[in-house]
K.L.:
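Sharing a structure here in structure tokens format.
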Amino acid sequence: LRRYKKRVYGTCFFLMGDKALAEDMSQETWIRVVKGAPDYRPLASVITWILRISRNLCLNALRTRNRWESFEESDANSLHDETANGEGLLSELQNQKLLQAAILKLPVSQRAALMMVTQEDKSHAQIAQELDCSVGAVKVLLHRARKALQKELEGS
């Protein structure tokens, strides 16, 4: 827990986009890890197994709640108004919030692939195996995610 709690929370926050939901998903991950420990087979490293549990929990929660569509235009306008008077740090915070909001608008599969390549530094083959798709499909997911982010951020 001590060794991997930050990585688990980071994965959950990246996917959920909300601190409280990320904490809930992190706690649920550790509950599932403890319950599943007797059945764990060391086919991969422990952290791979733990992150898969957290990723699956978050993706399932997102699918059932349609969370990625909850960002509203009023939130984007308030972010812009909030930082219009400041410079430096406020501008950077605005950019981070806009990026996070843009990421939350991505479809779940694109967000998961993007998270695995940027946060976990996984290869296309590893991502394909975890998402149960081809390497070509992973490349398409990443390309579409990057294009969607670029389009969203240029419009901000």
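Residues take their numbers from the sequence shown, with the count starting at 1.
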K.L.:
Please determine, by modelled atom types, if Thr29 and Ser26 share a side-chain donor-acceptor pair under 3.5 angstrom.
P.N.:
no
K.L.:
Minimum heavy-atom separation for Ala148 and Leu106, please, with both atom names.
P.N.:
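In terms of heavy atoms, the two residues are closest at CB-CD2, 3.6 Å.
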K.L.:
For Lys151, is there any backbone N or O sitting under 3.5 Å from a side-chain donor or acceptor partner on Glu154?
P.N.:
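No, because the side chain of Glu154 does not come within donor-acceptor range (under 3.5 Å) of the backbone of Lys151.
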K.L.:
Roughly how far apart are Arg32 CZ and Gln27 CD, rounded to 0.5 Å?
P.N.:
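Those atoms lie 13.5 Å apart.
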K.L.:
Any link between Ile50 and Ile31 through a network of hydrophobic side chains (Ile, Leu, Val, Met, Phe, Trp, Tyr) touching at under 4.5 Å?
P.N.:
no
K.L.:
Using side-chain heavy atoms (C-beta onward) and a distance below 4.5 Å, is Val33 in contact with Tyr40?
P.N.:
no
K.L.:
Which atoms form the tightest heavy-atom contact between Ala61 and Met16, and what is the distance?
P.N.:
CB-CE, 4.0 Å
K.L.:
Output the distance between atom CD (Glu28) and atom CG (Leu21), rounded to the nearest 0.5 Å.
P.N.:
13.0 Å
K.L.:
What's the separation between atom CZ in Arg52 and atom CD1 in Ile47, rounded to the nearest 0.5 Å?
P.N.:
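Taking CZ in Arg52 and CD1 in Ile47, the distance rounds to 13.0 Å.
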K.L.:
Tell me whether Val135 shares a hydrophobic cluster with Met115, the cluster being built from Ile, Leu, Val, Met, Phe, Trp, Tyr side chains joined at under 4.5 Å.
P.N.:
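No; tracing contacts between hydrophobic side chains, which count when under 4.5 Å, never links both residues.
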K.L.:
Mind checking whether His124 and Leu142 have side chains closer than 4.5 Å, heavy atoms only?
P.N.:
yes
K.L.:
For residues 1-12, please give each side-chain donor-acceptor pair under 3.5 Å, one per line with the distance, not counting sequence neighbours.
P.N.:
from: Thr11; atom 1: OG1; to: Arg7; atom 2: O; distance (Å): 2.9

K.L.:
Roughly how far, to the nearest 0.5 Å, is the CG atom of Leu62 from the OG atom of Ser109?
P.N.:
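Taking OG in Ser109 and CG in Leu62, the distance rounds to 11.5 Å.
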K.L.:
Where the side chain of Arg144 meets the backbone of Gln110, is there a donor-acceptor pair that is under 3.5 Å apart?
P.N.:
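Not at all, since once roles are kept as given, no pair shorter than 3.5 Å links the two residues.
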K.L.:
For the residue pair Leu149 and Leu114, establish whether any side-chain heavy-atom pair is separated by less than 4.5 Å.
P.N.:
yes
K.L.:
Can you name the nearest heavy-atom pair linking Leu131 to Ala112, along with the distance?
P.N.:
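In terms of heavy atoms, the two residues are closest at CD2-CB, 4.3 Å.
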K.L.:
Calculate, to the nearest 0.5 Å, the distance between atoms CZ and CD belonging to Phe13 and Glu23 respectively.
P.N.:
10.0 Å
K.L.:
Nearest 0.5 Å, what's the CD-OG1 distance between Glu120 and Thr48?
P.N.:
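Spacing of CD (Glu120) from OG1 (Thr48) equals 8.0 Å.
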K.L.:
Checking one residue: Val34. Which other hydrophobic residues are in its cluster under the side-chain 4.5 Å linking rule?
P.N.:
none
K.L.:
Applying the side-chain contact (heavy atoms from CB on, under 4.5 Å) test to Val117, which of Val138, Leu141, Ile127 qualifies?
P.N.:
Ile127
